[in-house]
Amino acid sequence: MKKRIILLIATLLLPVLCLAQGNMENIVHEVQKISWKTHKDSLQKIITYMNNHPSNEYYYLYWNAYAHYMDYFNYKLSNSTEEKKAQQSLEQASSMIGKITKPNSETLALQSLIDGLKLNFTNVFLLPIKAGKVGRLAERAIDLNPKNPRAYYALAIYDFYTPKMYGGRKLVESNLIKAISLASTVVENSKDPQWGIPESYLFLIRFFKEENQKAKAQHYLQEAKSKFPENNLFHQYKL
């Protein structure tokens, strides 16, 4: 009799569990589409859904962290109220990524980017220590998977924002070129990260523009337009 009751409960719960799993898979695929041009309201809907359906599953934690990381860019640090929200987004992202019990190249690369943004809110006396950790996270991500473009992107971003007087901006070009060279074919229905290539192009173009290397900037801008014809960021970019 007891076995029959357990079987009945399991039978009743199975459709609910399958529905929840299906919804989570759909939301993960929506998170994968997030970019800097994603509307703030759309991003908030994704974050709200994920926060209302907590899980310790790896992909849930990773993509929840990524969504909060991207949410940071919706706020202006020049506004004290929005600055607080930006900081909260990063804290949420850190919290999610910190729950992943076995860090890998992908999680370390994302953590490096998150911690890099958190330097905006770090005491000036702690900056050298905190900044060094950001770089080491990206380097470790590369060590764990030398074929991960997001690891090279993370290291490039760290170097991009490190002032020249402190040895920065020497490896931006090489790391971003390495990142775009590792662009892989998107596997259909995969939950693994695919972002980072358009972002690498954008920073590569920006770097060359800032370094007064217009010919190189123009070259990679045209290459980006060819690879990402639907990405308006490249078509609207002014050198």
Side-chain angles (χ1 to χ4, degrees), residues 32-38 62 65-66 69-70 72-73 90 93 97 104-120 130-187 192-239:
Q32 288 177 301
K33 299 175 185 176
I34 291 173
S35 70
W36 289 328
K37 62 181 181 179
T38 300
Y62 177 89
Y66 179 74
Y69 159 72
M70 292 301 292
Y72 165 89
F73 298 102
L90 295 179
I97 209 77
N104 56 41
S105 179
E106 294 291 3
T107 64
L108 292 174
L110 180 55
Q111 185 178 349
S112 174
L113 291 167
I114 294 167
D115 287 355
L117 292 175
K118 289 173 71 174
L119 294 177
N120 289 313
K130 299 278 188 177
K133 179 186 175 184
V134 171
R136 288 191 295 273
L137 284 169
E139 289 171 349
R140 189 179 167 205
I142 293 173
D143 290 340
L144 289 177
N145 184 3
K147 294 183 178 181
N148 179 8
R150 286 157 293 281
Y152 292 96
Y153 171 70
L155 187 57
I157 295 304
Y158 165 71
D159 193 43
F160 184 94
Y161 285 108
T162 301
K164 285 185 177 181
M165 62 183 295
Y166 297 117
R169 296 178 74 91
K170 292 180 179 179
L171 301 174
V172 176
E173 178 179 352
S174 60
N175 280 310
L176 289 176
I177 289 177
K178 181 66 174 180
I180 63 178
S181 74
L182 292 171
S184 58
T185 303
V186 177
V187 179
D192 291 323
Q194 302 291 343
W195 59 272
I197 304 305
E199 294 88 339
S200 294
Y201 270 104
L202 281 170
F203 270 93
L204 188 57
I205 295 163
R206 178 180 169 184
F207 174 74
F208 285 132
K209 182 181 179 180
E210 293 180 1
E211 294 295 315
N212 295 315
Q213 299 183 49
K214 190 172 181 179
K216 286 186 175 181
Q218 185 65 45
H219 168 78
Y220 284 104
L221 179 58
Q222 292 303 319
E223 189 173 297
K225 287 179 179 179
S226 176
K227 284 190 176 182
F228 307 102
E230 296 180 358
N231 193 322
N232 291 328
L233 288 175
F234 296 116
H235 292 286
Q236 297 170 359
Y237 200 98
K238 302 295 183 182
L239 291 177

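Please read these numbers as outputs of a predicted model, since none were measured by experiment.
Distance check, rounded to the nearest 0.5 Å: CG of Leu119 to NZ of Lys130 gives 8.5 Å. Taken to the nearest 0.5 Å, the CG atom of Asn175 stands 5.5 Å off from the CD1 atom of Ile142. A distance of 14.0 Å separates CG of Leu204 from NZ of Lys209, quoted to the nearest 0.5 Å.
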What side-chain donor-acceptor pairs closer than 3.5 Å can you find for residues 227-239, not counting sequence neighbours?
from	atom 1	to	atom 2	distance (Å)
Lys227	NZ	Tyr201	OH	2.9
Asn231	OD1	Leu233	N	3.0
His235	NE2	Pro229	O	2.9

Mind listing the side-chain donor-acceptor pairs of residues 104-117 below 3.5 Å, one per line with the distance, residues two or more places apart or on another chain?
from	atom 1	to	atom 2	distance (Å)
Asn104	OD1	Glu106	N	2.9
Asn104	OD1	Thr107	N	2.9
Asn104	ND2	Tyr58	OH	3.1
Ser105	OG	Ala141	O	2.7
Ser105	OG	Asn148	ND2	2.8
Glu106	OE1	Arg150	NE	2.8
Glu106	OE2	Arg150	NE	3.2
Glu106	OE2	Arg150	NH2	2.8
Thr107	OG1	Asn104	N	2.8
Thr107	OG1	Asn104	O	3.0
Ser112	OG	Val134	O	2.9

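For Phe203, the ring-ring contact (aromatic ring centres under 6.0 Å, His included) partners are Phe160, not counting sequence neighbours. Scanning for salt bridge (Lys or Arg N to Asp or Glu O under 4.0 Å) contacts around Lys178 gives an empty result, with sequence neighbours left out. The ring-ring contact (aromatic ring centres under 6.0 Å, His included) check on Phe208 picks up Tyr220, with sequence neighbours excluded. In this structure, the salt bridge (Lys or Arg N to Asp or Glu O under 4.0 Å) partners of Glu210, at least two apart in sequence or on a different chain, are Arg169, Arg206.
Side-chain N or O atoms of Tyr158 include none that pairs as donor or acceptor with a backbone N or O of Gly132 at under 3.5 Å. Checking side-chain atoms of Gln32 against main-chain N and O of Asp192 turns up a donor-acceptor pair under 3.5 Å. A donor-acceptor pair is defined here as one N or O able to donate and one able to accept, closer than 3.5 Å; such a pair exists between the side chain of Asp159 and the backbone of Leu171.
Closest of all the heavy-atom pairs between Val172 and Ala156 is CG2-O, 3.9 Å. Here the closest non-hydrogen pair linking Ile197 and Pro149 is CD1-CB, 3.8 Å.
Considering only heavy atoms from C-beta on, Leu176 comes within 4.5 Å of Tyr153 through its side chain. Under the 4.5 Å side-chain criterion, counting only non-hydrogen atoms from C-beta, Glu211 is not in contact with Lys216. Two residues are said to be in side-chain contact when any heavy atoms from C-beta on lie closer than 4.5 Å; Lys33 and Thr38 fail this criterion. At a threshold of 4.5 Å between non-hydrogen side-chain atoms, the residues Glu223 and Ile180 count as touching.
The local environment of NZ in Lys225 is crowded, with over 12 non-hydrogen atoms from other residues, nucleotides or ligands closer than 6.0 Å.
Taking the six-membered ring for Trp and thresholds of 30 and 60 degrees, Tyr66 and Tyr69 have ring planes inclined between 30 and 60 degrees apart.
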